[in-house]
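Chain letters run A, B, ... following the sequence lines, proteins first, then strands; residues in each count from 1.
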Amino acid sequence: MQIKVPRGTYDILPPQSSKWHYLEKILRETAEVFGYREIRTPIFEHTELFERGVGESTDIVSKEMYTFADKSERSLTLRPEGTASCARALIEHSAYSGLLPVKWYYMGPMFRYDRPETGRYRQFHQFGVEAFGSLSPYMDAEVIILLVEILHRLGLKDYELHLNSVGCPKCRRAYREKLISHIKPVKDLLCPDCQGRYEKNPLRVLDCKNEACHAAIKGYPVLYDSLCDECREHYAEVRKALSDNQVSYIHDDNLVRGLDYYTNTAFEVHIPGIGAQSAVGGGGRYNGLVKACGGPDIGGVGFALGMERLLLALAEGEEEKAGIVDVFVAVMDRQYEDIGVKILTDLRRAGIKADKDYTGKSPKGQMKHADKLGVKMAILLGEDEVKNSFVTVRDMISKEQYQVGHRELIDFIKRHIKA
RNA sequence: GUGGAUGUAGCUCAGCUGGUCAGAGCACCAGAUUGUGGCUCUGGGGGUCGUGGGUUCGAGUCCCAUCAUCCACCCCA
């Protein structure tokens, strides 16, 4: 049996890898414009980190983690998301004791054992940012503005930003009570999933897509109405900051993020038309996280973007047609191949992207190859050239040919590439 | 995890009710009078028809299982 990639994983080959480079470049540049710097953490961590940092009741921890025991029987887990690792690193290196806020970005593979489909993989890639050590609503606004700026730079205009506040533990507890007493009488009408949610995390019943559940809980109390003054004020300031900076959003009472450590601001970005998995990113404030992981009581805000989903949204866009290399060295007679190799090396050492044939193609075949690589110029080397110490440079677009001495070749090529 | 669809050359797909059904287009390679590309023409390589069983005289074509992909649910990136 042929060995294939494991379920939910895939290879990224050229030319697709070029699209990744493009995406990565935009993400990096934009984050750096906003003053974030890159952090790289291990791809696996102690299982406990995610259990504590993400929350035992979440789908991620309860059923989606790639957990394994290493040879010393340590329980390790392939990271399902990036925030917990950042919090761990922040604490481990006491990064919070320096200049605040600590502003980091990361990108890389994440792992979740879930049913694969378009836009959802078991090994997928996220880009995320985290800002630790600020409680300011302007900090919340900054990460959202950054997120929107990234979409803008990627040319993605057709998105929806959903925004809500899930309050602090205090107001959420009050809300939870209200919600439970509202649902209790109709509990039996809910779908089995929601019955389970009712026990574990009643807030999750709200965003159940099931019609029957929706009908059953009709008229349910809204979280916003239970926010304490402080949380309400914070949310108002975030909204004002967004409006002041021309970021449009949709207030969404039903937006309840699945991760336990979120407080106050929660947001999610959807791009319609990329399949069922339309959420390209989401995030929010998580004031309880660092402390829950054993660090000081400092807050944080951040978001994560799904890179596969961004690429999916980008797919309609421009196709990069740049040549793979700029120059192709073709030998008209195999006996001069060694000279061709020397010329090729000279070109490359001068920083000129160049290649040659290595399959013994005929002169014609070599020209075809050159054409397929999309080179600007071909260097032809045959008997005439060798005997008279020059090479023929063919402009593949204008078809003009030039006789150039070896000494002037590099300069000639460089000038010609620019033109 | 639940339900449904699909799985034939590198890619996109034909192949009706089981018996020249192993094909096309694209891609790749080689030629079209011998030192040169993009068009056209000709030829060529390449597939245990996802995998494993079963039914049958005979199975891409029927049945079962399994793996994978896709869709819906769930959830999120």
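A68(B) is paired with U6(B) under the criterion used here, namely a Watson-Crick or G-U wobble arrangement in which both key atom distances are under 3.5 Å. Here G46(B) sits opposite no nucleotide as a Watson-Crick or G-U wobble pair (both hydrogen-bonding atom distances under 3.5 Å). The partner of U33(B) cannot be assigned: no Watson-Crick or G-U wobble pair with both contacts below 3.5 Å exists in any strand. With both pairing distances under 3.5 Å, A77(B) is matched to nothing as a Watson-Crick or G-U wobble pair.
Distance noted for atom C1' between G44(B) and G35(B): 25 Å (whole Å). U61(B) and G19(B) have their P atoms separated by 11 Å, with the value rounded to a whole Å. Rounded to a whole angstrom, the distance from the C1' atom of G18(B) to that of C49(B) is 15 Å. Comparing the P positions of U33(B) and U51(B) gives an interatomic distance of 44 Å, to the nearest angstrom. A distance of about 15 Å separates the P atoms of C16(B) and G23(B), rounded to the whole Å. Look at the C1' atom in both G37(B) and G31(B): the space between them is 16 Å, to the nearest Å. When the P atom is used for both G53(B) and G10(B), the distance is 23 Å, rounded to whole Å. A59(B) and G54(B) have their P atoms separated by 12 Å, with the value rounded to a whole Å.
More than 12 non-hydrogen atoms from other residues, nucleotides or ligands lie less than 6.0 angstrom from CZ of R348(A).
A residue-by-residue look at F124(A) and Y113(A) shows that Y113(A) has its nearest nucleotide of RNA chain B further toward the 5' end. In this structure, S362(A) and E383(A) both approach RNA chain B, and ranking their closest nucleotides by distance from the 5' end singles out S362(A).
Here C75(B) presents its C1' atom at 5 Å from CG of D59(A), a figure rounded to the nearest Å. Rounded to an integer number of Å, the gap from K376(A) NZ to G37(B) P is 21 Å. If you measure from atom CG of D371(A) to atom P of C29(B), you get 12 Å, rounded to the nearest angstrom. One interatomic measurement links the two molecules: CD1 of I3(A) to P of U51(B), which rounds to 16 Å at whole-angstrom precision. Taking atom CG on D114(A) and atom P on A77(B), their separation rounds to 11 Å, with Å as the unit. A straight line from CE of M107(A) to P of A77(B) spans 18 Å, rounded to a whole angstrom. Distance CG (L13(A)) to P (C11(B)): 12 Å, rounded to an integer number of Å. As a whole-Å value, the separation of R120(A) CZ from C73(B) P is 11 Å.
OP1 or OP2 of A30(B) has not a single side-chain nitrogen or oxygen of K368(A) nearer than 4.0 Å. Dashed line: the shortest gap from a side-chain N or O of K364(A) to OP1 or OP2 of G35(B) is not under 4.0 Å. The side chain of T118(A) places an N or O atom within less than 4.0 Å of a non-bridging phosphate oxygen (OP1 or OP2) of C71(B).
Residue-to-nucleotide contacts include a donor-acceptor pair under 3.5 Å from the side chain of R309(A) to the base of C76(B). Side-chain N/O atoms of E385(A) and base N/O atoms of G35(B) include a donor-acceptor pair closer than 3.5 Å. Side-chain to base pairing of R115(A) with U69(B): no donor and acceptor N or O lie closer than 3.5 Å to each other.
Between the side chains of K361(A) and T359(A), at least one donor N or O sits under 3.5 Å from an acceptor N or O. Residues E45(A) and S85(A) have side chains that bring a donor and an acceptor to within less than 3.5 angstrom of each other.
Among the nucleotides U36(B), C70(B), A77(B), the one closest to any side-chain atom of P116(A) is C70(B). Closest to the side chain of K4(A), from the set G50(B), U69(B), U36(B), is G50(B). Minimum atom distance to the side chain of Q126(A) is reached by A77(B), of the listed C74(B), U69(B), A77(B). Closest to the side chain of T392(A), from the set G35(B), A77(B), C29(B), is G35(B).
G60(B) shows a glycosidic angle within 90° of 0 and is accordingly assigned syn.
If you run side chain to side chain contact (heavy atoms under 4.5 Å, CB included) between D326(A) and each of I417(A), D355(A), V375(A), L347(A), only I417(A) comes through.
A distance of 6.0 Å or more separates the ring centres of Y249(A) and F267(A).
Contact annotation for D384(A): base contact, defined as any heavy-atom pair under 4.0 Å involving a base atom. F127(A) comes within 4.0 angstrom of nothing in the nucleic acid, heavy atoms only. Contact annotation for G8(A): backbone-only contact, meaning every heavy-atom pair under 4.0 Å involves sugar-phosphate atoms and none involves a base. If you check every strand for non-hydrogen atoms under 4.0 Å, Q277(A) touches a base. If you check every strand for non-hydrogen atoms under 4.0 Å, Q401(A) touches a base. Within 4.0 Å (heavy atoms only), G128(A) reaches no atom of the nucleic acid at all.
The salt bridge (Lys or Arg N to Asp or Glu O under 4.0 Å) test applied to R28(A) returns E38(A), not counting sequence neighbours.
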(message) The test is ring-ring contact (aromatic ring centres under 6.0 Å, His included); show your working for Y358(A) and H369(A) and say whether it passes.
(response) CA-CA 11 Å; Y358(A) 290 101; H369(A) 189 165; 8.9 Å; no
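In this structure, the separation between CD on E177(A) and CG on L179(A) is 10.0 Å, given to the nearest 0.5 Å.
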